[in-house]
Q: 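The following block contains the structure, expressed as structure tokens.
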Amino acid sequence: MASRPLIFNIQRFSTHDGPGIRTTVFFKGCPLRCAWCHNPESQSFAPQLMVDEDRCVSCSMCLAACSQAAIARDAAGRVRTDRARCIACGACVDFCPEDVRELAGSPAPSAAELAERLLADRMFFERSGGGVTLSGGECLVQDIDYLEGLCRTLHDEGVHVAIDTCGFAPRGHIERLLPYADLWLYDLKVLDDEVHRRVTGVSNEPILDNLAFLARSGAVVEIRVPVVHPVNDSEEAMRALAACVTERVGAPRVSLLPYHTTGTGKYRRLGIEPGQEAFCAPSAEQMDRLVHMLVEQGLTDVGLGG
Ligand code: SF4
Ligand code: SF4
């Protein structure tokens, strides 16, 4: 029997997660820890409380809601949350008149209920050539019975299904979804395995093996590359990546996604420290150079995304 994953967002009318107008379901939990991650609330498999203390007016409305005594005033009279006591129950969220508190991650409805909710936007999908994208976190490491049931229902209803994945997932899960997925949005970061381990916490070997498997299976794949200085924006790193893609997949569509800093404030709201490594976005000229270079390497369908 399928167990319910956690979902931290359902984004309607998205135009960045595959063709047309889409609804993207963000599942919570990921086996990678990308050092530049702009959705840090997607990483843990557990619910997490996010508090924007900069906007807190210390009205104390949330204090009485907490059964764990995790919220208290400090010596200066400011209301603070003790993360060590917080069990992320979410009871304080609705008490805050300033919307300072937010719970990241709530149990998904049943696969049938979620499919029904997603199908409510079918008209937009049909008119725009869009559909549903399952994302994360990492959707492929969630309960596979749940995912298969959801994808099968959407597929049987004629909805285009895209899987947005980092590729670090059990092969058996990929096999189960192959019959129902129309598009695989496949993230590649950097080929050098030592660098990959340092910046993501895992080896890229299973990722590259799964990519080759998808290509052999005839799946439609779009490669997505977050371009992060100084990790992978050198010509050498991109040439290696291009050679790997052409060898394994041929000439799929490739989207280069420039690094951005929009997630920085989320680390603070989660009460966690971001990594110490400094990253920055490549310039527009650098991005253009990389696009041209990948085209010269035989990847004829290269664009900028993000
Ligand atoms: S999420 Fe629950 S435990 Fe945590 S501060 Fe709010 S009420 Fe207290
Ligand atoms: S209810 Fe909201 S604004 Fe008031 S003290 Fe709590 S977090 Fe701050």
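Heavy atoms only: backbone and side chains are in, while hydrogens, waters and symmetry mates are out. Read the numbers this way: they start at 1 and go in the same order the structure lists the ligands and their atoms.
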Q: Suppose I only count heavy atoms of A88 and a 4.0 Å limit; which atoms of ligand 1 are within that range?
A: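 Numbered from 1, ligand 1 contributes 1 (S), 4 (Fe).
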Q: Quick check on contacts: which atoms of ligand 2 are under 4.0 angstrom from a heavy atom of C96?
A: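 Going through ligand 2 atom by atom, the ones under 4.0 Å from C96 are 1 (S), 2 (Fe), 3 (S), 7 (S).
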Q: Among all the protein's non-hydrogen atoms, which is closest to atom 4 (Fe) of ligand 1, and how far away is it?
A: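 Looking at atom 4 (Fe) of ligand 1, the protein heavy atom closest to it is C86 SG, 2.5 Å.
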Q: Less than 4.0 angstrom from a charged side-chain N to a carboxylate O is my criterion; do E148 and R176 meet it?
A: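 Looking at R176 together with E148, the answer is yes, because their closest N to O distance falls below 4.0 Å.
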Q: At what distance, to the nearest 0.5 angstrom, does NE2 of H160 lie from CZ of R22?
A: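 Those atoms lie 5.5 Å apart.
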Q: Where on V79 is there a heavy atom closer than 4.0 Å to ligand 2, on the side chain, on the backbone, on both, or on neither?
A: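 The side chain, only.
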Q: Using a 4.0 Å cut-off to any heavy atom of R101, which atoms of ligand 2 qualify?
A: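 With R101 as reference, the close atoms of ligand 2 come out as 6 (Fe), 7 (S).
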Q: Tell me the contacting part of R55 for ligand 2: side chain, backbone, both, or neither, using a 4.0 Å heavy-atom threshold, strictly below.
A: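 It is neither; nothing of R55 touches ligand 2.
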Q: Which atoms from ligand 1 have a heavy atom of Q68 less than 4.0 Å away?
A: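 So the atoms of ligand 1 that pass are 3 (S).
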Q: Counting non-hydrogen protein atoms only, what is the nearest one to atom 3 (S) of ligand 1? Give residue, atom name and distance.
A: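 Scanning the protein heavy atoms, the shortest distance from atom 3 (S) of ligand 1 goes to I87 N, 3.4 Å.
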Q: How far is atom 1 (S) of ligand 1 from the closest protein heavy atom, and which atom is that?
A: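 Answer, as residue, atom name and distance: G90 N, 3.2 Å.
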Q: Tell me which part of C92 gets within contact of ligand 2: side chain, backbone, both or neither, using heavy atoms under 4.0 Å.
A: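 No part of C92 comes within reach of ligand 2.
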Q: At less than 4.0 angstrom from any non-hydrogen atom of I71, what atoms of ligand 1 do you find?
A: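 So the answer, numbered in order with elements, is 5 (S).
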Q: Within less than 2.8 Å of atom 8 (Fe) of ligand 2, any N, O or S from C62?
A: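 Coordinating: no.
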Q: Ignoring hydrogens and geometry, is there a side-chain-to-backbone donor-acceptor pair from D143 to R4 under 3.5 Å?
A: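 Pair absent, no side-chain N/O of D143 close to backbone of R4.
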Q: Salt bridge check: are D156 and R152 linked by an N-O gap of less than 4.0 Å?
A: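 Between R152 and D156 there is no salt bridge, as every charged N stays at least 4.0 Å from the carboxylate O atoms.
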Q: Assess the side chains of D17 and S14: does a donor N or O sit below 3.5 Å from an acceptor N or O?
A: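 Side-chain D/A pair, D17 to S14: present.
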Q: For A46, does its backbone N or O pair with a side-chain atom of S44 as donor and acceptor, under 3.5 Å?
A: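 Between the backbone of A46 and the side chain of S44 there is a qualifying donor-acceptor contact (under 3.5 Å).
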Q: Between R248 (side chain only) and L211 (backbone N and O only), is there a donor and an acceptor less than 3.5 Å apart?
A: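 Here the side-chain-to-backbone pair does not exist.
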Q: Among all protein heavy atoms, pick out the one at the shortest distance from atom 8 (Fe) of ligand 1; state its residue, atom name and that distance to 0.1 Å.
A: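 The closest one turns out to be C66 SG, 2.3 Å.
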Q: I need the atoms of ligand 2 closer than 4.0 Å to a non-hydrogen atom of E98, numbered in the order shown.
A: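 Near E98, meaning under 4.0 Å from one of its heavy atoms, ligand 2 has 3 (S).
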Q: Tell me, please, whether F95 has R101 positioned over its six-membered ring: NZ or CZ under 6.0 Å from the ring centre and within 45 degrees of its axis?
A: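 Because its charged atom misses either the 6.0 Å distance or the 45° angle limit, R101 does not stack over F95.
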Q: Can you sort out which atoms of ligand 2 are near S58, meaning under 4.0 Å from one of its heavy atoms?
A: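 Counting atoms of ligand 2 from 1, those under 4.0 Å from S58 are 5 (S), 8 (Fe).
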Q: Indicate yes or no: does E175 engage R171 in a salt bridge with an N to O separation below 4.0 Å.
A: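 Answer for the salt bridge query: no.
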Q: Answer side chain, backbone, both or neither: which part of L103 comes under 4.0 Å from ligand 1, heavy atoms only.
A: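 Neither; no heavy atom under 4.0 Å.
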Q: Determine yes or no for a side-chain-to-main-chain donor-acceptor pair under 3.5 angstrom, with H173 supplying the side chain and L140 the backbone.
A: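 Yes; judged by distance alone, with no hydrogens or angles, the pair exists.
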Q: Look at ligand 2 and say whether P97 reaches it with a heavy atom at a distance under 4.0 Å.
A: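 Judged by the 4.0 Å heavy-atom criterion, P97 does count as contacting ligand 2.
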Q: Tell me the protein heavy atom at minimum distance from atom 2 (Fe) of ligand 1, and give that distance in Å.
A: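 So the nearest neighbour among protein heavy atoms is C89 SG, 2.3 Å.
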Q: To the nearest 0.5 Å, what is the distance between CG on L32 and CZ on F168?
A: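 CZ of F168 is found 6.5 Å from CG of L32.
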